[in-house]
Structure formats: C-alpha cells, structure tokens
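In what follows, a single structure is set out as structure tokens and then discussed.
Ligands are counted one by one from 1 in listed order, and the atoms in each one are counted from 1 as well.
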Amino acid sequence: MAPGMANLLLQLAGAACCAVVFFRGVSDLRSWRRRRRERAAWRTERATQLAERIAAAYRLASARRGDRLGWSGTRPLRVAAIVDEATDLRSFYLTTPDGSPLPRFEPGQYLTLHLPVVQGEPPVVRCYSLSDRPNSDYYRLTIKHERASPANNRKPGVASSFLHQRVQVGDALECSAPQGAFVLDSLRTGPVVLIGAGVGVTPLVSMALTAAREQPDREVYLVLGFRDRAHHPFKRALEELASTAPKLRMFTCYSKPASGDQQFRDYHHAGRVTAKYLQQILPSLDLSFYLCGPAAMMHSLVPDLLNAGVADDAIHYEAFGPASIRKKPKSVETTQLPCGKVRFAARGIEGEWDGRHDSILELAEELGVPIASGCRAGNCGQCQVKVLNGKVQRTKRAGFHAEGEACLTCISVPNGTVVVEA
Ligand SMILES: Cc1cc2nc3c(=O)[nH]c(=O)nc-3n(C[C@H](O)[C@H](O)[C@H](O)COP(=O)(O)OP(=O)(O)OC[C@H]3O[C@@H](n4cnc5c(N)ncnc54)[C@H](O)[C@@H]3O)c2cc1C
Ligand code: FES
C-alpha cells in the first residue's frame, strides 16, 4: 500500500475513533442529564408526597382539636343550587358570594348554619355534615325535612322546615366554618368500613368519595341502610363510584323494600345493618369502623361490634338528629347520674339536679337561663360555659375541645354542686 493511502486510512480511522468517542460522550452526557432529571423529578415527587402527608397530618390534628377553622365567626354563603335527592332529602350547594375558593374541609366534618327563622329573634343554629368530597368550588349539605307527626305529637323541625320550605337559590346563609372531629384518618392506609343509615349517610358518602379519589389503593367497604329505594339518596352516583373505584365495595340494605324494589338491582340485603350482617360481608372485623345513623342503629351496632371483638379505638362514630340528642346512651341511666345543684352565676339562679334532665343545658333551658346551642351533641362548642366552682361529668365523648375551665353544657352533668358562668 502506498504510504499516502496508509496515512489517509490512519487519519480516517482516527477520525472514526474520535467520532465514536464524541458520540459516546454526547450520549453519556444525555443519559447522565436524563438520569439527573429523573432523580430531580423523583425527589420533587417525594418532597410533594411528604409535604402532602405533613399537611394532611396537620389538618387531621387540627380537625380533631377543632382549633384551626377556615374562618372565624360566621360568613354568608350563597345557595347556588338545590337538588332533590330522595323523599324528604334535599341537597344545598353553597358557594362564596364572589366565587372565591372555599377553605378545605376534612371528609366527615359539618357546617354550622345560623338561620333567621323568625325575624328579630336570635338565629336557629344547626349542624349539617358536608356530603361531597372536599373541593374549593362549593360545599354540599344534604338535609332531611323533619316533618310533623301528629300520631307521635311531633311538630315539624324548625331548621329543616325553614331550609326546605323557605330557602331558595340565590339566598345567603350565615355559616360557621367546617368543623368536627369525626373525620376519615387519611394517614392510615388500612381497610376501612364506612357504615351509614338514613340521612346519617352524609358524612360517610363524603369519606367514600374522598378515599376513592385521594387513596385509590385503600380498601373501603361502604355499607348503607335506607328504608327503600324512594329513600335512597345519591343512588346513581354511588353505583358509578362502586363500579369505577377499584378498591371500594358497596353494600346496600333496605329495611322495608317497596314492592317495586329489586334485590341485587336496588339493594343487596333486606333488613337493617347489623353486626351479624357485617360479619357475613366483611373479610374480618379487625378493621377501622366509621358509623353514623339513627340513634336506634348506633345504640345497638356500637355495643354489638364491641362485643364481637372490635377494639374500642377502631370504632369512630357520630350521632346526629333529634333522637340521638334526646336519648341517653344505654350505659348511662338517669339514676346512675350524679346528684347535686347547678348555680347559674350570671343570672343568680340555682337548679336542683334530680336526674330528670340529660344535661346542664336542658336544666338551664327549663330555668330560663339562656345558653346558646347548636348540635346538642358535644360537637359545635356553641354551648360552652366556664365552670367557676365544682366539677362536671361528661355523658359522651366530645367532638369539640372546650377551652380551659369551660364545659360543654349539652353533654355535661354536675358532679356534686357546681357553679357555672351563665
Ligand atoms: C354533627 C351533626 C351533623 C348533622 N348532619 C346532618 C345532615 O347531614 N343532614 C340532616 O338532615 N341533619 C343533620 N344533622 C341534624 C340537624 O342538625 C338537625 O338536628 C335536624 O335538621 C333537625 O333540626 P330541626 O330544627 O329541623 O328540628 P327541631 O326543631 O330541632 O326538632 C327536632 C325533632 O323533634 C321533633 N319535635 C319538635 N318539637 C317537638 C315537640 N314539642 N315534641 C316532640 N317532638 C318535637 C321534630 O319533629 C323533629 O323531628 C346533623 C346534626 C349534627 C349534630
Ligand atoms: S351545643 Fe354543640 S357542643 Fe353543645
């Protein structure tokens, strides 16, 4: 071979080597950059997840303490839509008047409405669970019209009649911020059983919708109880949820199916939600339970679950509605409640505690001592007054954390003689 040719070949080989090294270098640089971008994205995702968990932990803790509310006092929210859901059940969609975003709530919490039922008189205060998943556009409340029942000498419900009969789209309702300690623990990932009956399904529906969106890998058993199809709210929306959420299983019980109601089309089980039925459908009872329903269901189901071996701290419940307000827990009989006197210092009025009343609030009302009230169930804090002397005893677990020396009069009874600032 001619020396010129050899030289050229050598130069070509050198150039080829340089090109290989160059392209290899470029490719290495590219994959190094890609890996760096992937690592950065992974770190950002982890940081976001961690921030979300910290935020969720913070929200849960403050929901349980009831100390950090979306706003203080009341603010007007506009009724943007009213939707009939089932017999006597109507949803009210509330937005801010200027369309600004609403603060987040925790699924299971409720809104407190201050309703101007009678002009010139103090507003009627009632609590209503938020029935949709948290979102910043609207709050949804689903409210049962408590109708009169002459047979039982029952008058129509004051607040629910006002809401169903007088409130219209475009009206403004004065609301306290969402609150309540009955919230789904989203920091846990274990299976959860959500049990609701009647209008008591509202907080559980919010929990189920939220879990399906925010914890799609969490196993959720949603067990609902209604009288029949006519009393079955959110039917289509819940069926759609059950068919799209991979880990959610829904069971519906009708206590009195109507003639046109079909098993396995409208409902699964004819009868009430009982511990026995739960044992048939659940893989085990070693699960977390969230319950809300009529007093009769709560009074039987909670003890039955405890007797069946469910741990006390695995059962979370909320009782609402007048029956649960008026009825005592089975374990607390009037005769076992402590005796004593209650002195209402501001009014200078004293009342004998003789076991006829469920709470200091009821005694105050009978004696004409004004104490504000809302939920009458230890959840809203409306009825708290300071204890100046003596001791009180709670008749149920409070959802609201009373300040310092204050007591929640709706769930407190005197333990001996007690002086309160009211
Ligand atoms: C945390 C919480 C969340 C709640 N969430 C919801 C919810 O999502 N949806 C919902 O619909 N409700 C909910 N409630 C219940 C709600 O707050 C009200 O208690 C309910 O709407 C009834 O209020 P009312 O003013 O209409 O009835 P009230 O006027 O307070 O009367 C209550 C009941 O007593 C009867 N009554 C009235 N007067 C008499 C009388 N003289 N003698 C005998 N009986 C009488 C009425 O018929 C009625 O059934 C919730 C309650 C709480 C505590
Ligand atoms: S009235 Fe709501 S805590 Fe007593």
Side-chain angles (χ1 to χ4, degrees), residues 63 66 85-92 105 107-115 117-118 123-132 139-167 176 178-183 196-207 231 233-234 292-295 298 317-327 358-362 364-365 371-385 392 394-403 406-412 422:
E85 304 283 5
T87 303
D88 286 337
L89 265 192
R90 191 169 275 182
S91 284
F92 295 78
F105 65 90
Q109 288 196 306
Y110 57 80
L111 207 61
T112 306
L113 305 187
H114 301 246
L115 303 164
V117 176
V118 181
V124 171
V125 180
R126 294 286 185 274
C127 304
Y128 293 100
S129 301
L130 292 141
S131 63
D132 207 342
Y139 291 151
R140 182 177 72 184
L141 308 177
T142 305
I143 296 172
K144 181 182 172 202
H145 188 183
E146 298 289 346
R147 290 187 181 273
S149 166
N152 300 325
N153 195 24
R154 261 178 38 190
K155 292 184 186 158
V158 174
S160 59
S161 299
F162 175 81
L163 285 156
H164 275 248
Q165 293 169 342
R166 288 173 46 197
V167 169
S176 306
Q179 60 180 305
F182 178 64
V183 291
V199 70
V201 299
T202 47
L204 289 319
V205 166
S206 175
M207 290 182 192
H231 293 83
F234 318 120
C292 183
M298 307 292 286
Y317 60 87
E318 177 129 280
F320 59 70
S324 56
I325 295 163
R326 293 285 160 197
K327 280 184 186 166
D358 282 351
S359 64
I360 293 177
L361 177 66
E362 277 190 17
E365 284 170 345
I371 296 180
S373 70
C375 63
R376 304 178 73 101
N379 290 315
C380 72
Q382 289 274 324
C383 66
Q384 67 173 327
V385 299
V392 297
R394 277 190 190 159
T395 54
K396 82 182 264 293
R397 200 162 49 173
F400 179 89
H401 182 72
E403 295 157 8
C407 78
L408 298 173
T409 52
C410 69
I411 55 161
S412 297

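- The heavy atom nearest to atom 24 (P) of ligand 1, considering only Gly180, Cys127, Ala159, is found in Ala159.
- Side chain of Arg90 to main chain of His164: a donor-acceptor pair is present (N/O by atom type, distance under 3.5 Å, no hydrogens or angles).
- Protein N/O/S atoms found under 2.8 Å from atom 2 (Fe) of ligand 2: Cys375 SG, Cys380 SG.
- When each atom of ligand 1 is checked for a heavy atom of Val199 under 4.0 Å away, the hits are 9 (N), 10 (C), 11 (O).
- Within the 4.0 Å heavy-atom criterion, the part of Asn153 lying near ligand 1 is the backbone and not the side chain.
- Between Tyr139 and Phe105, the ring-plane angle classifies as perpendicular under the 30° and 60° cut-offs.
- Shown in contact with Lys144 at under 4.0 Å from a heavy atom are these atoms of ligand 1, numbered in order with element: 10 (C), 11 (O).
- Closest heavy-atom approach to atom 36 (N) of ligand 1 within the set His145, His164, Gln109, Lys155: this belongs to Lys155.
- Contact of the Ser176 side chain with the His114 side chain is registered, since non-hydrogen atoms from C-beta on lie closer than 4.5 Å.
- Each of Ser129, Ser160, Ser131 was compared with Ile143 under the side chain to side chain contact (heavy atoms under 4.5 Å, CB included) criterion, and only Ser160 meets it.
- For atom 28 (P) of ligand 1, the choice among Val158, Val201, Val205, Val117 with the nearest heavy atom turns out to be Val158.
- Here the OG atom belonging to Ser206 is positioned 6.5 Å from the CG atom belonging to Leu130, to the nearest 0.5 angstrom.
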task: Start with the C-alpha distance between Gln109 and Phe182, add both sets of side-chain angles, then the distance that settles side chain to side chain contact (heavy atoms under 4.5 Å, CB included), and finish with yes or no.
output: CA-CA 6 Å; Gln109 288 196 306; Phe182 178 64; over 6 Å; no
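- The shortest side-chain heavy-atom distance between Phe234 and Ser91 falls under the 4.5 Å cut-off.
- In the vicinity of Thr202, heavy-atom distances shorter than 4.0 Å reach the ligand 1 atoms 7 (C), 8 (O).
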task: Kindly determine whether Leu163 and Tyr128 satisfy side chain to side chain contact (heavy atoms under 4.5 Å, CB included), including the steps that lead there.
output: CA-CA 12 Å; Leu163 285 156; Tyr128 293 100; 3.9 Å; yes
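- When atom types are taken as modelled, the side chain of Thr409 and the backbone of Cys383 share a donor-acceptor pair closer than 3.5 angstrom.
- Ligand 1 has an N or O atom lying under 3.5 Å from an N or O atom of Arg126, backbone or side chain.
- Near Glu318, meaning under 4.0 Å from one of its heavy atoms, ligand 1 places the atoms 1 (C).
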task: Walk me through it: do Val124 and Phe162 pass the test side chain to side chain contact (heavy atoms under 4.5 Å, CB included)?
output: CA-CA 10 Å; Val124 171; Phe162 175 81; over 6 Å; no
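- Nearest-heavy-atom check against atom 48 (C) of ligand 1 across Arg90, Arg147, Glu146 picks out Glu146.
- Residue-level proximity to ligand 1 for Thr142 is carried by the backbone, the only part with a heavy atom below 4.0 angstrom.
- Close N/O approach between Ser161 and ligand 1 is not found [any backbone or side-chain N/O within under 3.5 Å].
- Nearest heavy atom pair, residue His145 against residue Ser161, reads NE2-OG, 3.1 Å.
- Residue-to-ligand polar distances keep Tyr110 apart from ligand 1: every N/O pair is separated by 3.5 Å or more.
- Contact detail for Cys410 and Ser359: the closest heavy-atom pair is O-CB, 3.3 Å.
- With ligand atoms numbered from 1 in the order given, ligand 1 contributes 3 (C), 4 (C), 5 (N), 6 (C), 7 (C), 8 (O) to contacts under 4.0 Å with heavy atoms of Ser129.
- At a heavy-atom cutoff of 4.0 Å, ligand 1 is contacted by both the backbone and the side chain of Tyr128.
- Here the CD-OG1 distance, from Gln382 to Thr112, works out to 6.5 Å after rounding to the nearest 0.5 Å.
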